[in-house]
Number of protein chains: 2
Amino acid sequence: MAKKNGTANRQGSGPSTGQTERQPPARYWELIRAAGKLFEEKGYQGASVRDIADAVGMTSGSFFYHFATKEDVLFAVMEGGMLQGLEVVTKKLEGARSAREQLYALVLGHLEGLHSEYGYAHKVWLREWRQISPEKRAPLEALSQSYRDTWLQVLAKVKNEGLIAADIALFRRMTVGALNWTVHWVRNPTPEQLQALAADFVGAFLNEPNPEVRR
Amino acid sequence: MAKKNGTANRQGSGPSTGQTERQPPARYWELIRAAGKLFEEKGYQGASVRDIADAVGMTSGSFFYHFATKEDVLFAVMEGGMLQGLEVVTKKLEGARSAREQLYALVLGHLEGLHSEYGYAHKVWLREWRQISPEKRAPLEALSQSYRDTWLQVLAKVKNEGLIAADIALFRRMTVGALNWTVHWVRNPTPEQLQALAADFVGAFLNEPNPEVRR
DNA sequence: CCTACCGATCGGTAGG
DNA sequence: CCTACCGATCGGTAGG
């Protein structure tokens, strides 16, 4: 969708040079990954097309063989990150039975998405959303909407069980705001630290009396 | 501190042209204000020195009569916003008796700071913090620390009264994260809407049973 | 995917 | 505070 004219695209649009299998457009994904990391580090405007191209060992002109514009690679970073995040969360949710366990799964999944090795995509989403021109926002907003709906379904159950009293729309905003804010104070957590943090967050969101050990 | 050599500064460093009172360096504050709004709208890197100078009707070269670098005006935007925010919150806190009322005062003050006419300063702080070079961060971090301490003092009381169970450091991060996130979904609220929102937030943070009317 | 390049714009400066 | 300007860098393109 954000693709300009990479190898796979050409093969997809008709019979080609004799290759019967689609080649993985490795360079395309390398660029997305490099761009994501650079956008996270220096910001969208602070990272140049040359920076991105250099990072994968190509010249700046070649970047535009893969993407028509700089904005297109930003779009691809965000889209890829959200698709992967949705997948992880959906899977995590299947293993959860009770409403409370599902809430924990969402919280942990969200934290993992933000702080995993691919977390740059979500951080870039949070910081650089406004760099996406309004005409191109719709597909990203659809993904975002789908994620929002997942949260609201779980929160409706949590509220039905009497665990929260607030409006679930406000509660969701409170929750994702608190979780997204961790990008400012959580650094390179281990999986165990993330699990402990998710448990603490669920306890704080529900204002539950503390379990024995944890202060 | 972020000043280069404006009128007031010159007069402050010695006897001058016969003026005995300090002139308000109006152009200096105009630049800060214009810069803040432009940084909010287009981002620090997206707004040029020329944009800022144009906004107050001067040429780009003249900008550098007031500020040595573009970064200095960003610094001034942030510093000014935080100083004003601290003042507002301190005053609001004096009128609050109970711990719960103090929490409400903090929440409302924070929301007002973000969504007031000067809210651009705080939004810029949130989005452009990393543009401040590490050597220049200390004074801003001191202001931030002071604000943090104010929160922690109130939260300690709130916890003492048994209103929350979580660790107050985590609770504070949850709270400010949720409040800062409102920049993404609250638009031009009236004072009344802000008060209602603050009340809802306090209820959600404490997971209190809902009052009668509000859903 | 590279070379060579374009016009535009950037932050900042010299001299008044 | 303005004029006139600098070197650097930017996103993007033509042609292969």
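So you know, we letter chains A, B, ... as the sequences are listed, proteins then strands, and number each from 1.
- Not one side-chain nitrogen or oxygen of B:Ser62 sits closer than 4.0 Å to the OP1 or OP2 atom of D:dC1.
- Salt bridge absent: A:Lys92 and A:Glu87 never bring a charged side-chain N and a carboxylate O closer than 4.0 Å.
- You'll find that the side chain of A:Phe64 is closest to D:dT13, out of D:dC1, C:dG11, D:dT13.
- When the nucleotides D:dG12, C:dG11, D:dC1 are ranked by their closest atom to the side chain of B:Tyr65, D:dC1 comes out on top.
- If you measure from atom CD of A:Glu71 to atom P of D:dG11, you get 13 Å, rounded to the nearest angstrom.
- In this structure, A:Ile52 atom CD1 and D:dG11 atom P are separated by 8 Å, rounded to whole Å.
- Using cut-offs of 30° and 60° for the angle between ring planes, the A:Tyr28 and A:Phe67 rings count as parallel.
- Atom CZ in B:Phe63 sits about 12 Å away from atom P in D:dC1, given to the nearest Å.
- Put simply, CD on A:Gln131 is 12 Å from P on D:dG11, counting in whole angstrom units.
- Looking at A:Ser48 and A:Asp51, their side chains do bring a donor and an acceptor atom within 3.5 Å of each other.
- For the pair A:Arg173 and B:Trp185, the cation-pi criterion (under 6.0 Å, within 45° of the ring axis) is fulfilled.
- Rounded to an integer number of Å, the gap from NZ of B:Lys70 to P of C:dG11 is 4 Å.
- Here A:Trp125 and A:His122 keep their ring centres 6.0 angstrom or further from each other.
- Rounded to whole Å, atom C1' of D:dG11 lies 13 Å from atom CG of A:Asp72.
- Between B:Asp54 atom CG and C:dT9 atom C1' the separation is 13 Å, expressed in whole Å.
- Within the 4.0 angstrom heavy-atom criterion, base atoms lie near B:Thr59.
- In this structure, A:Arg27 reaches the C:dC1 phosphate: one of its side-chain N or O atoms is under 4.0 Å from OP1 or OP2.
- A straight line from CZ of A:Arg50 to C1' of C:dA4 spans 11 Å, rounded to a whole angstrom.
- Taking the centre of each ring, B:Phe201 and B:His110 stay at or above the 6.0 Å mark.
- The aromatic rings of A:Tyr147 and A:Trp151 sit perpendicular to each other, their planes meeting at more than 60°, with 30° as the lower class boundary.
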Its dot-bracket string being built from Watson-Crick and G-U pairs below 3.5 Å, with | for another strand and [ ] for crossing, DNA chain C has the pattern ||||||||||||||||
